[in-house]
Amino acid sequence: MSQDAKYIPALRFKFLTPLYDPVLRRGMREQTVKNRLIHEAGLTPNARVLDLGCGTGTLTILVKQSQPTADVVGFDGDAQVLDIARAKARQHGVNITLEQGMAYQLPYPNNSFDRVFSSLVLHHLTTQDRARALSEVKRVLKPGGEFWVIDFGKPHNPLAFLVSRVMRNLERTKDLIDGLLPDQLQRAGFPRVEVVARFMTLFGTIVLYRARGADTNPDLC
Ligand SMILES: C[S@@+](CC[C@H](N)C(=O)[O-])C[C@H]1O[C@@H](n2cnc3c(N)ncnc32)[C@H](O)[C@@H]1O
């Protein structure tokens, strides 16, 4: 499935995939950022959670460890990265479902998940595929469900601005570094988008977003 010419694997080139975990750990403050997402996302014990573009499964496993009775699904387009995720899940003794497919064509019925998480995936998609993927996320979320995104965002300090001059030319980060994601989320049916946190990393500003539909109760925020 990841034979698509437009497809960008975890570290851009397939031969670099085995290096993905060490690069992310050191360069992206991975534990800090992913644990913050889990802390903020308000997972309940019976939640159904989709980790869209789960890669090597680090977040998927953390979610399951934080709520062992939750039903947690990791989904990615790349068979090689899913093999790594399966091995890590076995090693950690967690029972998660890992499935292969494209983010813009999800094999799940409407209203399937309480939460969808997407960590560092949306900058791998073309603007058009990102719009399709966001609509798919809206479709598979239950009414009142929430979409949580970790990805590049507008630089929030001078150093991040300098780093962004390089990063905006890599992969498909430009829209996100230009701060266009909230508009794209709104167009996909998420009128309520918040920046929950910003993180300075070696690769520049990483933003944690929460996106909700009009069907969420503002009194519960
Ligand atoms: C930078 S990695 C992020 C992995 C993981 N979410 C994390 O935070 O470590 C991006 C992932 O998105 C996946 N991906 C890229 N394009 C995709 C698509 N069209 N459909 C599904 N997954 C995709 C890649 O295979 C890769 O595993």
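None of the values given here were measured: they were computed from a predicted structure. In each ligand, atom 1 is the first atom listed, and ligand 1 is the first ligand listed. Position 1 is the first residue of the sequence; numbering continues from there.
The shortest distance between side-chain heavy atoms of Leu120 and Leu24 falls below 4.5 Å. Using a 4.5 Å heavy-atom cutoff, the side chains of Phe199 and Arg36 are in contact. Within the 4.5 Å cutoff, the side chain of His39 has no heavy atoms near those of the Lys34 side chain.
A heavy-atom cutoff of 4.0 Å around ligand 1 is satisfied by the protein residues Tyr7, Ile8, Ala10, Tyr20, Leu24, Lys34, Gly53, Cys54, Gly55, Asp76, Gly77, Asp78, Val81, Gly101, Met102, Ala103, Tyr104, Ser119, Leu120, Val121, His124, Leu125.
Ring geometry for Phe113 versus Tyr108: interplanar angle over 60°, hence perpendicular rather than tilted (30 to 60°).
For the pair Arg48 and Asp114, the salt-bridge criterion is not met [side-chain N within less than 4.0 Å of a carboxylate O].
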Do any side-chain atoms of residues 60-67 form donor-acceptor pairs under 3.5 angstrom with protein atoms, and if so which ones, sequence neighbours left out?
unit_1: Thr60; atom_1: OG1; unit_2: Asp51; atom_2: OD2; d: 2.7
unit_1: Lys64; atom_1: NZ; unit_2: Pro68; atom_2: O; d: 2.9
unit_1: Lys64; atom_1: NZ; unit_2: Ala70; atom_2: O; d: 2.7
unit_1: Ser66; atom_1: OG; unit_2: Val63; atom_2: O; d: 2.8
unit_1: Gln67; atom_1: NE2; unit_2: Leu43; atom_2: O; d: 2.9

